[in-house]
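Input: a single structure, listed below in structure tokens.
Numbering starts at 1 and runs along the sequence shown. On a predicted model such as this, the values are computed, not experimentally measured, just so you know.
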Amino acid sequence: MQERAVQTRKLILRAAAESFDESGYHGAQITGILGRAGLTQGAMYFHFKSKEDLARTVMLEQAADLRLPERPAGLKQLVEITLTLAVEMQRNVLFRAGVRLAVDLEGPAVRDSSIYRWWTDRFNDELVEAHRKGELLPHVNGAELAEMLVGAYTGIQLMSQITSGRKDLPRRITSIWRYLLPGIATPEALAGITLADGAEARP
């Protein structure tokens, strides 16, 4: 793809993310997205077949602007990733819009759960490494825990959006870990993790 086409696609995705973030799938309109981007319908339909296709792309590429660790490092890194995501949710419009679309059952999420699987696999990579390093208690099933974390994160961010515009999301994610870590981590692993508010996760 030529550089100009690449930049046009990015411009459309950014404008779409802003619109979906503000109005959801149903409220966002193609005319408004194109107005934000300063582009014609022809430019959009060269890259995206429909509004649903555009929304699905925003949903699936929500992590494109995030700087996540390339290699799994275990439980501490998983905690740090989730807390970083809480901050990114407040300032990264592509990520925020992608997450909003993922819970909007009027949009492409009703037929596509792949972004949930992607995050589950990403979290599980850290848990596989945590298991290899002996950081998890014997009863912990990493795949189940990863799936539960994605579900819990989804619900907590939605609750935070409604109650505070996500201003309290880092605190809420910290609370999840404060109660969860003693039930999954070895004492040695717990000793090496300090949560965002400076509190140690102790049994």
Side-chain angles (χ1 to χ4, degrees), residues 17 56-105 108-109 111-161 166 168-197 199-203:
R56 183 174 184 273
T57 302
V58 170
M59 184 176 73
L60 296 181
E61 295 189 15
Q62 62 180 252
D65 292 343
L66 302 178
R67 293 185 178 181
L68 298 175
E70 294 183 4
R71 296 184 178 182
L75 190 56
K76 182 178 180 180
Q77 182 159 283
L78 176 57
V79 172
E80 291 172 351
I81 287 172
T82 62
L83 293 172
T84 296
L85 293 179
V87 175
E88 288 294 323
M89 194 85 73
Q90 298 170 338
R91 64 189 184 190
N92 186 316
V93 69
L94 179 61
F95 180 46
R96 192 167 58 242
V99 169
R100 176 165 184 172
L101 288 167
V103 299
D104 189 340
L105 297 183
R111 292 184 295 276
D112 190 345
S113 62
S114 57
I115 192 60
Y116 289 105
R117 294 195 301 273
W118 189 88
W119 281 113
T120 298
D121 290 344
R122 185 64 186 80
F123 287 2
N124 190 46
D125 287 344
E126 299 295 345
L127 291 168
V128 168
E129 180 64 13
H131 178 73
R132 188 192 69 79
K133 294 166 68 174
E135 297 176 338
L136 300 178
L137 295 173
H139 70 274
V140 176
N141 181 309
E144 289 181 351
L145 177 57
E147 190 173 63
M148 185 275 292
L149 276 173
V150 171
Y153 207 111
T154 301
I156 284 291
Q157 69 83 23
L158 187 57
M159 185 176 179
S160 177
Q161 177 190 351
R166 296 196 181 94
D168 65 355
L169 185 55
R171 177 187 63 78
R172 290 180 183 274
I173 299 302
T174 296
S175 293
I176 288 178
W177 284 115
R178 182 177 294 110
Y179 289 101
L180 181 61
L181 282 169
I184 66 170
T186 64
E188 294 78 14
L190 275 177
I193 298 175
T194 300
L195 298 175
D197 59 0
E200 296 183 1
R202 295 185 178 276

Identify the two heavy atoms, one from [X] and one from [Y], that lie closest to each other, and give their separation to 0.1 Å.
X    : Y    : value
Q77  : P69  : NE2-CB, 3.4 Å
L169 : S160 : N-OG, 3.3 Å
L190 : A185 : CG-CB, 4.0 Å
P170 : V87  : CG-CG2, 4.4 Å
A102 : I115 : CB-CG2, 4.1 Å
P182 : L137 : O-CD1, 4.1 Å

Considering the options L158, I176, I173, which one meets the side-chain contact (heavy atoms from CB on, under 4.5 Å) requirement together with Y153?
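Answer to the side-chain contact (heavy atoms from CB on, under 4.5 Å) test with Y153 among L158, I176, I173: I173.
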Looking at [atom1] of [X] and [atom2] of [Y], how far apart are the two atoms once the value is rounded to the nearest 0.5 Å?
X    : Y    : atom1 : atom2 : value
R171 : L83  : CZ    : CG    : 13.0 Å
L85  : Q157 : CG    : CD    : 11.0 Å
L145 : H139 : CG    : NE2   : 9.0 Å
W119 : L68  : CH2   : CG    : 5.0 Å
R122 : D125 : CZ    : CG    : 6.0 Å
L149 : F123 : CG    : CZ    : 6.5 Å

Could you tell me whether M148 atom CE has more than 12 heavy atoms of other residues or ligands within 6.0 Å of it?
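Atom CE in M148 is crowded, with more than 12 foreign heavy atoms closer than 6.0 Å.
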Kindly say whether R166 contributes a backbone atom to a donor-acceptor pair with the side chain of Q90 at under 3.5 angstrom?
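It does hold such a pair.
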Sub-3.5 Å donor-acceptor pair from the side chain of S113 to the main-chain atoms of Y116, do we have one?
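Looks like no, no N/O pair under 3.5 Å.
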Output side-chain donor-acceptor pairs under 3.5 Å for residues 127-136, partner residues at least two apart or in another chain, one line each.
unit_1 : atom_1 : unit_2 : atom_2 : d
E129   : OE1    : R132   : NE     : 3.1
E129   : OE2    : R132   : NE     : 3.3
E129   : OE2    : R132   : NH2    : 2.7
K133   : NZ     : A73    : O      : 2.7
E135   : OE1    : L75    : N      : 2.9

Checking side-chain hydrogen bond (donor to acceptor under 3.5 Å, both in side chains) for the pair Q62/W118: CA distance, chi angles, key distance, verdict?
CA-CA 11 Å; Q62 62 180 252; W118 189 88; over 6 Å; no
Taking side chain as C-beta onward, heavy atoms only, is T84 less than 4.5 Å from L66?
no
Walk me through it: do D65 and F95 pass the test side-chain contact (heavy atoms from CB on, under 4.5 Å)?
CA-CA 8 Å; D65 292 343; F95 180 46; over 6 Å; no
Pairs touching residues 69-80 that satisfy salt bridge (charged side-chain N to carboxylate O under 4.0 Å, His left out), sequence neighbours left out:
none
